[in-house]
Asks: 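Handing you this structure, nothing more for now.
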Amino acid sequence: MKIEFIDKKIKDINANLELIVVIDKNFEHDLVKKYQNTLKEVGFEGEQDEVILLAESKKIFVGSNSIKSKDIRPAVASAIRVVLGKNYDSIKMLTYLSHQKCTATMRALAEGIILGAYKYDRYKSKAKEPKLKEIYISSSEYNNKEVDKAAIKRAINKGIETAQAVNLARDIVNTPPDDFYPKIMARVAKDIANNEGLEYEILTKKEIAHEKMNALLSVARASSRAPRVIHLSYKPKDAKSVVSLIGKGLTYDSGGLSLKPSDFMVTMKSDKSGGSAVLAILQAVARLKLPIEVHGFVGAVENMIGGNAYKPDDVLRAKDGTTIEVRNTDAEGRLVLADVLCYAQEKVNANYIIDMATLTGACVVGVGQYTVGVMGNNQKIVDKMLYAANVASGEMATDLPFNRYLKKTLKSNIADICNIANTRYGGAITAGLFLEHFIKEENKQKWIHLDIAGPAFVEHAWGENPNGASGAGVRMVTRFIEKLSDTKHEE
Ligand code: BES
Ligand code: ZN
Ligand code: ZN
């Protein structure tokens with residue numbers, strides 16, 4: 001999809017269709033007024049994301065509650081989704097966003113276009129090539145106004161890069177598990193590294209064993225697909241701070257011997273969403289040339305059953321020496337992350353440590369399918385992440401506070417810690433607290449955990465997201481890192 005910010009009047013742009021965004025049900029606006037009666041006639045009310053195509057007039061209308069990015073992004077995506085199935089190959093639009101601070105809205109607009117145009121049809125025998133190829137945004141309305149067109153162009157480009165990274169994560173997560181196992185994940189990581197000029201290191205089973213990552217290896221043991229630990233790094237000159245990202249890359253989660261019921265196993269190809277997001281974010285920060293050093297670590301593992309499977313009652317020894325009593329083999333993500341968190345802390349002395357994981361069903365029960373759960377000891381960083389999500393990126397996130405009583409529920413009689421809590425309540429937080437055990441004392445204030453189990457994979461389209469993988473976490477964490485670019489890290 002090509003998006004062009006073009007120096008022509010709207011009437012001089014040659015395109016099949018014109019997209020008009022109706023803001024806040026304002027049918028009196030110059031652009032809309034002429035069509036007011038027709039729109040009334042067909043029952044278009046201008047509700048958020050409501051789309052109507054007036055084929056004869058070659059116009060498509062969509063409602064948006066405001067010009068805020070969080071409204072514009074899903075509105076535009078909804079309109080694009082309607083056009084995608086039709087025969088149009090180009091769209092033009094005027095934005096009438098001629099106020100000075102329109103760059104945020106313009107970025108959201110570009111994101112909405114690229115995110116809305118996403119389709120996963122690689123496994124359809126008769127996939128239709130989408131016809132829609134070009135979107136022209138007229139810049140003529142900015143003439144003679146104190147608006148920096150170059151800044152708008154930059155904002156649009158940022159939106160395109162971020163959304164393309166989101167679509168990369170979606171592609172990875174949507175790929176069926178028989179075609180996407182740890183070795184493939186490592187190959188994809190290598191390809192990203194080569195394309196973007198990143199450094200990479202891939203640990204195979206032997207090297208993982210050498211690193212004493214025995215919790216991860218136990219989870220991987222019953223699978224015929226050997227695990228990988230992936231490390232990508234983006235190291236710009238004069239970096240202002242250092243960020244380590246750690247992703248759960250369960251290419252499949254059957255539950256292991258604590259086998260998932262059939263209905264719960266379906267969609268578990270999405271258990272690699274955290275790791276996929278980490279890889280996509282590395283692509284984004286490299287393409288945006290952010291002045292921040294970013295490391296991405298992924299534990300790529302398949303959780304299966306077999307005669308040699310790890311078992312409830314086993315006691316595992318993690319990389320840092322912690323002994324873990326296994327009481328449920330379906331709480332495997334935290335075992336993999338425990339080792340990768342230890343590895344990441346040993347490898348890189350980061351200012352921020354962020355892990356991303358489809359960690360618990362409890363998070364989905366607690367806050368719903370569309371929201372990321374954010375946890376950590378440092379409320380300042382949690383708040384920064386919530387801002388990056390809810391205000392800047394358009395992803396939804398909320399904090400789930402730790403407390404010392406929940407921490408006690410992870411006590412084990414036989415080992416240092418248990419992989420599940422002794423209570424059915426607060427499962428997202430107890431999982432977060434399990435991870436917290438593996439954060440070194442000097443890093444306790446630097447780390448946050450994102451549980452993306454809800455939004456990572458939803459079986460219907462919502463806002464700017466399609467049915468299936470959403471690329472959850474990519475936009476919010478990229479925004480978080482972008483924001484770090486504004487200031488040099490100080491202790
Ligand atoms: N991958 C799942 C969590 C999950 C559930 C992700 C639903 C996406 C949608 C994780 O490994 C898991 O199975 N967690 C268990 C933990 C329990 C055994 C303590 C869960 O949430 O039930
Ligand atoms: Zn599981
Ligand atoms: Zn899992």
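Start at 1 and go down the list; that is how both ligands and their atoms are numbered.
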Asks: Among protein heavy atoms, which lies nearest atom 16 (C) of ligand 1, and at what distance?
Replies: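 Ranked first by proximity to atom 16 (C) of ligand 1 is Arg334 NH2, 3.8 Å.
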Asks: Going by a strict under-4.0 Å cutoff (protein heavy atoms only), does atom 22 (O) of ligand 1 have a neighbour on the protein?
Replies: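 Answer no: nothing from the protein, no heavy atom, is under 4.0 Å.
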Asks: Would you call Glu161-Lys289 a salt bridge at under 4.0 Å N-O?
Replies: no
Asks: Taking a cutoff of less than 4.0 Å between a non-hydrogen atom of the residue and any ligand atom, is Val364 in contact with ligand 1?
Replies: no
Asks: Between Tyr120 and Arg170, is there a cation-pi geometry (under 6.0 Å to ring centre, at most 45° from the normal)?
Replies: no
Asks: In terms of side-chain geometry, is the basic nitrogen of Lys235 or Glu293 positioned less than 4.0 Å from the acidic oxygen of its partner?
Replies: no
Asks: Answer with side chain, backbone, both or neither: which part of Asp330 has a heavy atom less than 4.0 angstrom from an atom of ligand 1?
Replies: both
Asks: As an exercise, identify every atom of ligand 1 less than 4.0 angstrom from a heavy atom of Lys248.
Replies: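 Those atoms are 1 (N), 10 (C), 11 (O).
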Asks: Of all the non-hydrogen atoms in the protein, which one sits nearest to atom 1 (N) of ligand 1, and at what distance?
Replies: Asp271 OD1, 2.8 Å
Asks: Of all the N, O or S atoms in Asp253, which has the shortest distance to the Zn ion (ligand 3)?
Replies: OD2
Asks: May I ask you to check whether Tyr352 and Phe480 place their ring centers less than 6.0 Å from one another?
Replies: yes
Asks: Check this for me, if you would: do Lys158 and Glu111 make a salt bridge, where the nitrogen-to-carboxylate-oxygen distance has to be below 4.0 angstrom?
Replies: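 No, no charged N to carboxylate O under 4.0 Å.
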Asks: Quick one: which ligand 1 atoms are inside 4.0 Å of a heavy atom on Glu332?
Replies: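 That gives atoms 11 (O) of ligand 1.
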Asks: Parallel, tilted or perpendicular: which describes the rings of Tyr343 and Phe297, with under 30° parallel and over 60° perpendicular?
Replies: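 Perpendicular.
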Asks: With a 4.0 Å heavy-atom cut-off (strictly under), which part of Gln369 contacts ligand 1: side chain, backbone, both or neither?
Replies: neither
Asks: Looking at Asp271, which of its N, O or S atoms is the nearest one to the Zn ion (ligand 3)?
Replies: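 Nearest N/O/S atom of Asp271: OD2.
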Asks: How about Gly333: does one of its N, O or S atoms come closer than 2.8 Å to the Zn ion (ligand 3)?
Replies: no
Asks: One pair to check against salt bridge (Lys or Arg N to Asp or Glu O under 4.0 Å): Arg221 and Glu332. What are the steps and the verdict?
Replies: CA-CA 12 Å; Arg221 207 164 63 205; Glu332 85 300 334; over 6 Å; no
Asks: Specify the protein heavy atom at minimum distance from atom 20 (C) of ligand 1: its residue, its atom name, and the distance to 0.1 Å.
Replies: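 The protein heavy atom lying closest is Gly361 N, 3.9 Å.
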Asks: Would you call the rings of Trp447 and His449 parallel, tilted or perpendicular, where under 30° means parallel and over 60° means perpendicular?
Replies: parallel
Asks: Heavy atoms only, cut-off 4.0 Å: how does Leu359 contact ligand 1, side chain, backbone, both, or neither?
Replies: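 The backbone, only.
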Asks: Quick one: do Glu395 and Arg479 make a salt bridge, cutoff under 4.0 Å?
Replies: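 Result for this pair is no, no salt bridge flagged.
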Asks: By number and element, which atoms of ligand 1 are closer than 4.0 Å to a non-hydrogen atom of Asn328?
Replies: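 Close to Asn328: 18 (C).
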Asks: What is the closest protein heavy atom to atom 2 (C) of ligand 1, and at what distance does it sit?
Replies: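 It is Asp253 OD2, 3.6 Å.
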Asks: Tell me which N, O or S atom of Glu332 sits nearest to the Zn ion (ligand 3).
Replies: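 Result for Glu332 and the Zn ion (ligand 3): OE2.
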Asks: side-chain hydrogen bond (donor to acceptor under 3.5 Å, both in side chains) with Asp451: which of Thr358, Thr360, Thr371?
Replies: Thr360
Asks: Tell me, which protein residue and heavy-atom name are nearest atom 19 (C) of ligand 1, and how many Å apart are they?
Replies: Ile420 CG2, 3.5 Å
Asks: In terms of residue, atom name and distance, what is the protein heavy atom nearest to atom 7 (C) of ligand 1?
Replies: Met268 CE, 3.7 Å
Asks: Looking only at non-hydrogen atoms, find the nearest pair between Arg73 and Ala392 and report the distance.
Replies: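 That closest heavy-atom pairing would be NH2-O, 3.2 Å.
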